[in-house]
Amino acid sequence: MRVLCVAEKPSISKAISQILSGGQFAVRSTPSKFIKNYDFDYPQTNAQYTVTCVSGHLTSHDFPETHRKWHSCDPFSLFDAPVETYISKDSKDIETNLTREARRADMLMIWTDCDREGEHIGSEVKRVCRKAKPNIIVKRARFSAIIAQQIHNAAQHPVELDQAQADAVEARIVLDLRIGAAFTRMQTKTLQDNIGQVEGVISYGPCQFPTLGFVVQRYVQVKNFVPESFWYIFLSLSRPNSSQGNVETEFKWRRVHLFDYDAAVVIYEHVMATPTARVTKVVETNTKKWKPLPLTTVELQKAGSRFLKLAPKAVLDIAEKLYNQGFLSYPRTETDQFDPQFDFMTLIEKQTVDPAWGAFAQGLQQGGFGTPRRGKNNDKAHPPIHPTAHVANLHGNEKKVYDFITRRFLACCSKDAEGSMTTVDVICGGEAFYATGLVVHQKNYLLVYPFDKWTGNQVPVFAEGEEFQPSVCEFREGTTTSPKYLTEADLVTLMDKNGIGTDATIAQHIETVINREYVLEEYEGGTKYLMPSTLGIGLIEGYGEMGLEKSLSKPHLRREVRSCLRVGLVKMVAVVDKAVDRTEHGAGLQRDEDQARHACGKHRPVSRDVRARPGAV
DNA sequence: GCAAGGTC
């Protein structure tokens with residue numbers, strides 16, 4: 001029996017060949033320069049194996065010539081237009097290889113990733129192979145990790161391809177295309193016809209718009225924020241500390257603060273009548289700062305933005321490059337738990353030669369190792385991101401990303417930081433206050449992972465029952481502060497939580513809304529914030545006015561959507577128009593704009609003001 | 001000139 005195995009990408013075809021053949025395989029080149037065919041015998045099932053792969057999806061989808069040109073049809077007809085499925089130019093070589101190999105095989109075994117897209121890619125492979133050899137037996141290998149026992153098990157107990165999952169992906173592909181193309185053409189045309197300043201394409205995408213929506217939502221929250229005053233009692237004591245001399249310890253009010261001025265004053269006056277503090281309780285508890293979870297793609301992008309100041313897309317691009325050079329494991333993973341059989345020690349050993357963290361890695365070998373925490377996510381396809389080799393000659397951002405991933409891995413393999421927390425409770429004038437102090441005893445993982453901070457502030461020694469006169473007991477006023485604009489890390493979190501895009505595409509969507517100038521980047525104190533442009537706000541407000549939720553649940557769906565869209569687009573035009581008006585007459589705006597441009601490091605043409613920062617309101 | 005999802 002000849003079995004043709006097809007994986008989703010080159011790394012997987014190589015890895016399963018290694019395992020199934022025990023390293024004894026022959027390599028053949030293929031018409032595609034990225035892809036190799038591996039041949040070997042697999043006596044366990046009495047078969048001759050050839051393992052090859054595709055490179056993601058084999059097919060592309062688009063409208064036929066009659067509907068491909070923008071002005072060839074009414075955008076609404078795109079919902080009924082035929083959609084063609086074809087092998088893209090880049091995939092022709094892969095198709096040729098599959099066709100040749102399928103002809104001489106009795107069985108096709110699909111080894112794509114065990115996720116929904118993998119099921120669809122499997123169905124694409126099946127179609128090509130069935131065309132080459134109609135009676136080929138088709139099976140699906142199910143595996144959750146590249147681990148010998150699992151791979152053998154998958155090869156010996158194949159299942160069926162899940163056509164329902166593949167169909168679901170096909171439906172998603174076609175819907176995204178129809179909706180994206182129809183809405184993009186329609187809104188671009190409508191806005192261009194009605195607002196002179198609009199140039200270029202105004203795209204609509206089912207991921208782009210929710211992404212933009214988060215940015216606008218936060219902008220509205222900031223804009224509508226009204227500060228509120230509150231009042232509180234500030235209590236502190238200066239007392240000599242064993243090591244640092246006189247230190248001031250602040251005791252926080254258990255009521256935190258009150259928004260009712262009169263009530264706060266009454267309480268304060270009551271305290272001032274007998275302003276002696278008595279210590280009611282001193283509790284010292286052991287506490288830990290947990291080491292980080294194993295690294296997923298989403299976490300890598302958030303950390304990259306927060307700690308390394310790199311855009312999510314940039315971090316992912318670099319990680320992919322390092323993966324292709326063999327330095328990192330596969331960087332697109334949702335998994336934050338290592339397989340119990342994962343070989344940590346071999347990887348730790350490789351890092352012992354590093355000048356910066358080699359000694360720490362040695363410490364892990366000599367008893368410092370702790371099994372990594374297990375998160376809640378497992379995509380059943382890839383392990384958490386980790387270094388697969390030690391590299392010493394990286395520079396710039398590549399070094400930053402590699403260092404971060406390696407430190408994170410070593411931190412995961414270390415132990416939680418340990419310390420003790422002291423809480424001192426006092427009663428002063430009938431009101432409860434408390435002070436807390438932290439002493440770090442064992443830094444453990446923090447030694448290799450400087451991105452987490454856990455600093456101690458010692459409190460002086462207090463004894464239960466002791467009394468003291470506070471150094472300061474004041475009535476103070478504060479105000480609530482406005483929320484901040486979104487950072488890229490915040491946006492990644494929101495998209496991930498709400499299922500907008502996938503781990504591999506979230507960064508792309510953010511880049512898209514920035515490239516289309518729906519979202520602008522602004523810097524404040526070294527942190528990058530995202531805020532919507534006038535156009536971005538107009539688009540979201542316009543769609544908000546359409547009431548799509550309501551109409552989509554009604555019968556006569558198409559007609560409803562159509563009229564809704566028409567009404568919505570008219571409203572959107574009005575909203576954008578008004579926003580442009582504000583921008584043009586907004587005082588002091590030019591200066592802000594120049595600053596924004598300077599910060600972005602790129603110049604926007606003046607004629608595209610609608611894509612600039614919204615006017616002062 | 002449109003989308004989002006794979007991957008190189």
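Throughout, a chain's letter reflects where its sequence line sits, starting with A, and its residues are numbered from 1. Everything quoted here is computed from the prediction, not taken from an experiment. Side chains are part of it too, since the values below use all heavy atoms of this structure and drop only hydrogens, waters and symmetry mates.
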Next on the checklist: Please compare A:Y204 and A:V54 by the position of their nearest nucleotide in DNA chain B and report the one closer to 5'.
Outcome noted: A:Y204

Next on the checklist: Among B:dG6, B:dA3, B:dT7, which nucleotide has an atom closest to any side-chain atom of A:S203?
Outcome noted: B:dA3

Next on the checklist: Whether A:E101 and A:K36 form a salt bridge (side-chain N of Lys/Arg under 4.0 Å from carboxylate O of Asp/Glu) is what I want to check.
Outcome noted: no

Item to check | Position toward the 5' end of DNA chain B (nearest nucleotide), A:F34 or A:T512 | outcome: A:T512

Checklist entry - Between A:D317 and A:K321, is the closest basic N to carboxylate O distance under 4.0 Å? => result no

Checklist entry - What's the closest nucleotide to the A:E117 side chain, out of B:dC2, B:dG6, B:dA4? => result B:dG6

Next on the checklist: Could you tell me how far apart A:R516 (CZ) and B:dA4 (P) are, to the nearest whole angstrom?
Outcome noted: 9 Å

Checklist entry - Between A:D93 and A:K33, is the closest basic N to carboxylate O distance under 4.0 Å? => result no

Checklist outcome for this item: Rounded to whole Å, CD of A:E124 lies from C1' of B:dG6 at a distance of 9 Å

Item to check | Whole-Å distance separating the NE2 atom of A:H61 from the P atom of B:dA4 | outcome: 16 Å

Item to check | Donor-acceptor contact present, side-chain A:R103 to main-chain A:K133, <3.5 Å | outcome: no

Checklist outcome for this item: When rounded to whole Å, the CD1 to C1' distance for the pair A:I12 and B:dG6 reads 13 Å

Checklist entry - Base, sugar-phosphate alone, or nothing: which one does A:G501 contact when heavy atoms must sit under 4.0 Å apart? => result sugar-phosphate

Next on the checklist: Check this for me: does any side-chain nitrogen of one of A:K313 and A:E488 sit under 4.0 Å from a carboxylate oxygen of the other?
Outcome noted: no

Checklist entry - If we ignore angles and hydrogens, is there a donor and acceptor under 3.5 Å between the side chains of A:S77 and A:D80? => result no

Next on the checklist: Could you check whether A:R127 pairs with A:E124 (Lys NZ or Arg NE/NH1/NH2 to Asp/Glu carboxylate O, under 4.0 Å)?
Outcome noted: no

Item to check | Spacing of A:K14 atom NZ relative to B:dT7 atom C1', expressed in whole Å | outcome: 17 Å

Checklist entry - Which part of the nucleic acid, if any, lies within contact of A:H120, taking any heavy atom under 4.0 Å across all strands shown: a base, the sugar-phosphate backbone alone, or nothing? => result nothing

Checklist entry - Taking only side-chain nitrogens and oxygens of A:Q208, does any of them come within less than 4.0 Å of OP1 or OP2 of B:dA3? => result yes

Checklist entry - Heavy atoms under 4.0 Å, any strand shown: does A:P75 hit a base, just sugar-phosphate, or nothing? => result nothing

Checklist entry - What about A:H71, does its side chain sit under 3.5 Å from the base of B:dG1 through a donor-acceptor pair? => result yes

Checklist entry - Reckon A:I173 touches a base, only the sugar-phosphate, or nothing at all at heavy-atom distances under 4.0 Å? => result base

Checklist entry - Just to confirm, is there a sub-4.0 Å distance from OP1 or OP2 of B:dG5 to any side-chain nitrogen or oxygen of A:H509? => result yes

Checklist entry - How would you label the contact of A:D113 with the nucleic acid (heavy atoms, under 4.0 Å): base, sugar-phosphate, or nothing? => result sugar-phosphate

Next on the checklist: Distance check needed: B:dG5 P versus A:I506 CD1, whole Å only.
Outcome noted: 9 Å

Checklist entry - Counting just side-chain N and O atoms, does A:T505 come under 4.0 Å of either OP1 or OP2 of B:dG5? => result yes

Checklist entry - Do any side-chain nitrogens or oxygens of A:T184 fall under 4.0 Å of OP1 or OP2 in B:dA3? => result no

Checklist entry - Contact class for A:Q192 (heavy atom, under 4.0 Å): base, sugar-phosphate, or nothing? => result base

Next on the checklist: Rounded to whole Å, how long is the line connecting atom CZ of A:F209 with atom C1' of B:dA4?
Outcome noted: 15 Å

Checklist entry - Looking for any heavy atom pair under 4.0 Å, which part of the strands does A:R178 touch: base, sugar-phosphate only, or nothing? => result nothing

Next on the checklist: If the cut-off is 4.0 Å, is A:R185 near the phosphate of B:dA3, judged by side-chain N/O to OP1 or OP2?
Outcome noted: no

Next on the checklist: Nearest to the A:Q508 side chain among B:dG1, B:dT7, B:dG6, which nucleotide is it?
Outcome noted: B:dT7

Next on the checklist: Given B:dG6, B:dC2, B:dA4, identify the nucleotide with an atom nearest to the side chain of A:R68.
Outcome noted: B:dC2

Checklist entry - To the nearest angstrom, how far is A:D62 atom CG from B:dA3 atom C1'? => result 10 Å

Checklist entry - Looking at the side chain of A:F63, which of B:dA3, B:dC2, B:dT7 is the nearest nucleotide? => result B:dC2

Checklist entry - Hey, does the side chain of A:Y323 come within less than 4.0 Å of B:dT7's phosphate (OP1/OP2), counting only N and O? => result no

Next on the checklist: Does A:T188 reach a base, just sugar-phosphate, or nothing at all? Heavy atoms under 4.0 Å.
Outcome noted: base

